[in-house]
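Here is the naming used below: chain letters follow the sequence lines, and residue numbers restart at 1 for every chain.
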Protein chains: 2
Amino acid sequence: MTLDDRKKKILLAIIKTYLETGEPVGSRTISKIEGLSLSSATIRNEMADLVEMGYIIQPHTSAGRIPSDKGYRFYVDQLMAEKEEDIAERERHTDEMQSMLVEKADKMERLLQQVARSLSANTNYAAMISAPRYNVNRLKFIQLSRMEENRIVAVIVLEGNMIKNQIIDIEEPIDDETLLALNMLLNTTLNGMAIEDINLSIISKMKQKAGEQAGIISEVIDAVAASIREDDEDLEIYTSGANNIFKYPELADNEKASGIISAFEEKKQLTDLVYETLSHSDERGIQVYIGEESPVENMKDCSVVTATYELDEGIHGTIGIIGPKRMDYDKVLSTIKNLTAELDKMFKKN
Amino acid sequence: MTLDDRKKKILLAIIKTYLETGEPVGSRTISKIEGLSLSSATIRNEMADLVEMGYIIQPHTSAGRIPSDKGYRFYVDQLMAEKEEDIAERERHTDEMQSMLVEKADKMERLLQQVARSLSANTNYAAMISAPRYNVNRLKFIQLSRMEENRIVAVIVLEGNMIKNQIIDIEEPIDDETLLALNMLLNTTLNGMAIEDINLSIISKMKQKAGEQAGIISEVIDAVAASIREDDEDLEIYTSGANNIFKYPELADNEKASGIISAFEEKKQLTDLVYETLSHSDERGIQVYIGEESPVENMKDCSVVTATYELDEGIHGTIGIIGPKRMDYDKVLSTIKNLTAELDKMFKKN
DNA sequence: TGTTAGCACTCGACTCGTTAGAGTGCTAAC
DNA sequence: GTTAGCACTCTAACGAGTCGAGTGCTAACA
């Protein structure tokens with residue numbers, strides 16, 4: 001059986017109606033709404049086919065139909081194809097976006113938290129945003145300072161003004177002069193380098209140059225590397241509106257809600273989601289996971305829409321919206337598309 | 001009517017039974033369990049009195065009784081008085097605590113997250129822990145470094161090795177020498193001072209010393225002060241096990257759960273809780289808020305147990321456990337008491 | 001051959017009455 | 001002051017009955 005044009009139209013009508021009402025839709029409803037005027041009986045026949053083909057489901061014999069994951073997938077693909085063509089799309093939604101007003105914040109964390117909040121408030125779904133990923137980032141500046149007798153603090157500034165600190169305990173005290181020299185050495189050698197490119201050969205070269213301070217320099221470099229790597233593991237993630245899930249009965253029962261909440265709290269699973277997204281990001285950067293498609297176990301009953309934004313050349317972060325499968329994909333896609341654009345613009349300007 | 005000895009015994013029996021079963025307890029149950037052997041009819045009479053006095057509630061005419069907030073309050077006060085006397089208490093529970101094993105973490109944040117996790121896992125309630133409060137803290141070390149032409153980064157280390165960063169944009173470029181001088185000036189003047197004690201007179205004295213750099217120094221000091229103050233507003237708080245609330249049906253309905261979850265996510269309300277706790281901490285440092293007593297609006301249906309721990313002289317943080325009113329107060333109090341002791345010990349050693 | 005009207009059928013949601021059981025409150029006796 | 005006894009109350013659980021939405025099928029129609 002093939003999905004001919006009429007079937008497509010009916011399927012889309014069913015899904016759209018369901019998205020609006022949240023209740024199983026019957027043949028009568030479709031026959032009335034539809035442009036192509038067909039009787040409910042005809043619709044029923046087609047619906048039976050669609051069930052057989054797996055696009056829709058009937059919860060029980062005498063109920064209407066609801067979209068299956070496959071049905072949603074069809075709808076979303078359709079939607080995204082449309083958007084692709086419709087370049088003026090962005091304009092059309094611009095006015096809505098005004099209200100999103102991401103206040104400019106001096107601190108990155110503030111900004112990200114702000115974004116998450118505004119996303120969840122605008123969409124009525126749960127939202128998350130990850131801080132830009134460091135390990136594709138470049139070192140901008142390193143500063144070692146003595147804090148105590150044999151304890152120094154390393155301040156590491158990355159491109160994009162991400163700052164990280166690391167306290168380093170050193171074996172033997174270090175004098176001011178050496179410290180200064182070390183600072184010089186570190187900065188001249190490492191500035192502008194991508195973290196991943198700092199390899200053994202460079203380190204050994206530095207050790208050579210450091211001469212008698214070789215011991216200390218390796219201690220310091222190890223600590224710096226560890227600090228960056230460690231942070232990479234547990235990515236900073238900001239969330240907002242997790243409680244929005246209670247607005248959707250199909251997610252609000254104890255077990256499901258508990259799973260989703262714990263995913264939001266533990267962050268671990270969100271981190272996985274971010275990595276998944278970053279590794280699969282296509283040209284548009286937007287991805288939609290429907291139900292079982294979700295890479296996060298606890299979100300198998302949700303739909304997850306993610307997008308990447310660009311802080312700077314090659315430095316990406318991830319935005320995510322988590323809601324029920326019957327989410328307003330159209331609105332979410334527009335919102336998220338505009339937001340990433342806005343973020344990109346903001347960062348580029350900086 | 002007075003709460004005589006027999007009434008007390010009956011009340012305690014009712015509460016204990018309710019804590020175990022979670023269901024309204026009837027006169028028959030008490031008459032059987034109780035050491036003082038009285039018939040159910042007698043118990044009934046006493047129970048009627050207890051209802052009148054407000055210690056217990058009957059959900060409806062032909063149901064058993066459940067404790068009221070006032071009843072819980074009586075129980076908890078009793079319990080805490082007992083504990084006070086029983087100094088060997090701590091020993092008795094020590095073995096349970098072994099399993100809590102707070103792994104030593106190098107980073108404070110890791111440690112705190114760890115503690116929260118272990119608390120929630122051990123108690124089956126939701127747990128939170130706040131990072132130690134800064135504003136009673138002392139400056140240990142300030143380091144200004146030039147990052148770009150007219151942008152410097154200030155690294156502020158506080159007693160207890162809390163590190164904060166602040167990027168400062170300055171009007172006009174600053175040369176190395178001036179920067180060095182500024183660093184000297186800042187450190188010699190401010191080191192060891194409590195943040196709150198940095199007042200106008202000190203600042204103006206510094207400006208005087210700075211001479212022509214007066215402009216820059218006030219910029220810097222303002223920025224430093226702002227950085228510390230700002231961070232004080234949104235205290236770092238780590239949470240774990242928020243989804244535990246779903247284990248208790250009386251908290252798991254949509255509305256209540258949503259409120260609690262949002263309190264956990266937004267952190268704002270937890271921050272209030274921390275301040276409330278810190279300002280009211282008595283000699284023991286442990287506080288129990290039952291139902292309506294809670295300073296957090298969204299937790300009026302919960303009980304909240306908080307305690308302060310000491311990072312260093314005068315630097316406190318707060319631990320909190322949030323659960324249903326029928327929580328196992330005995331266990332929670334023991335757990336939290338041991339944990340704070342453990343934390344205190346760990347920090348003192350450092 | 002595709003479309004449609006008509007109709008019997010299905011099934012969940014809701015209502016209502018019944019029952020069982022737990023627990024009370026009161027009274028009268030000890 | 002305590003207790004046995006008993007009528008009473010209220011909820012939870014169950015089942016029967018009803019309603020309505022929606023289906024699936026059949027037969028007629030274009």
Side-chain angles (χ1 to χ4, degrees), chain A residues 1-11 13-18 20-68 71 249-250 252-253, chain B residues 1-11 13-15 17-18 20-68 71 249-250 253:
Chain A
M1 208 177 321
T2 90
L3 195 65
D4 60 33
D5 213 50
R6 196 171 72 177
K7 281 195 174 56
K8 280 187 190 172
K9 275 188 183 156
I10 292 175
L11 177 54
I14 293 172
I15 296 178
K16 271 181 192 149
T17 315
Y18 182 70
E20 280 165 22
T21 65
E23 281 175 2
V25 348
S27 53
R28 224 179 105 80
T29 319
I30 297 301
S31 77
K32 288 207 167 164
I33 292 177
E34 204 46 10
L36 59 142
S37 41
L38 291 169
S39 79
S40 61
T42 313
I43 305 284
R44 274 204 291 284
N45 284 328
E46 296 288 40
M47 280 168 116
D49 290 351
L50 286 170
V51 168
E52 202 177 321
M53 294 164 79
Y55 287 103
I56 52 181
I57 293 171
Q58 51 186 159
H60 55 265
T61 319
S62 77
R65 310 297 212 282
I66 61 174
S68 67
E250 66 266 45
D253 76 285
Chain B
M1 207 180 316
T2 90
L3 195 65
D4 60 33
D5 213 52
R6 196 170 74 175
K7 281 195 174 56
K8 280 187 191 172
K9 275 188 183 155
I10 293 174
L11 177 54
I14 293 172
I15 297 177
T17 314
Y18 183 70
E20 280 166 22
T21 65
E23 283 176 359
V25 349
S27 54
R28 223 179 107 80
T29 319
I30 297 301
S31 77
K32 287 207 167 165
I33 289 177
E34 203 46 11
L36 59 143
S37 39
L38 291 170
S39 77
S40 63
T42 312
I43 304 285
R44 274 204 291 285
N45 284 328
E46 296 288 41
M47 280 168 116
D49 289 350
L50 286 170
V51 168
E52 202 177 322
M53 294 163 78
Y55 288 103
I56 51 181
I57 293 170
Q58 50 187 160
H60 56 265
T61 321
S62 77
R65 310 300 213 282
I66 61 174
S68 67
E250 67 266 44
D253 76 286

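Regarding contacts with the backbone of C:dT24, a side-chain N or O of B:S27 is found under 4.0 angstrom from either OP1 or OP2. Listed pair B:S40 / C:dG23 fails the phosphate criterion, with no side-chain N or O lying under 4.0 Å from OP1 or OP2. Between D:dT9 and B:T61, no contact under 4.0 Å exists linking OP1 or OP2 to a side-chain N or O. Contact between the side-chain N/O atoms of A:Q58 and the OP1/OP2 oxygens of D:dG24 is found at a separation under 4.0 Å. The phosphate of C:dT4 (OP1 or OP2) has a side-chain N or O of A:S39 nearer than 4.0 angstrom. Side-chain N/O atoms of B:R65 include one lying less than 4.0 angstrom from OP1 or OP2 on C:dT24.
Distance, A:E23 CD to D:dG20 P: 16 Å, rounded to whole Å. Atom C1' of nucleotide C:dG23 and atom CG of B:L50 are separated by 16 Å, given to the nearest angstrom. D:dT23 atom P lies 10 Å from atom CD1 of A:I30, rounded to whole Å. Rounded to whole Å, the distance from NE2 on B:H60 to P on D:dC8 is 19 Å. Rounded to whole Å, the distance from CZ on A:R44 to C1' on D:dA21 is 11 Å. A straight line from CD1 of B:I57 to C1' of C:dT24 spans 17 Å, rounded to a whole angstrom. Remark: C1' of D:dT23 and CD1 of A:I14 are 13 Å apart, rounded to the nearest angstrom. Atom OH in A:Y18 sits about 14 Å away from atom P in D:dG22, given to the nearest Å.
With C:dT3, D:dT23, C:dG25 as the candidates, the nucleotide lying closest to the side chain of B:A48 is C:dG25.
Evaluation of atom-type donor-acceptor distances gives a pair under 3.5 Å for the side chain of B:S62 against the base of D:dT9. Not a single donor-acceptor pair, N or O on each side, falls under 3.5 Å between the base of D:dG22 and the side chain of A:R28.
Contact between B:L3 and B:K8 at its shortest, heavy atoms only, is O-CE, 3.6 Å. Residue A:P24 comes nearest to A:I66 through the heavy atom pair CA-CG2, 3.8 Å, listed as atom of the first residue, atom of the second, then distance.
Remark: side-chain polar atoms of A:S68 are paired, donor with acceptor, to backbone N or O of A:G54 under 3.5 angstrom.
Among the atoms of the strands shown, base atoms are found under 4.0 Å from some heavy atom of A:A41. Residue contacts for B:T42: at a heavy-atom cut-off of 4.0 Å it reaches a base atom on one of the strands shown.
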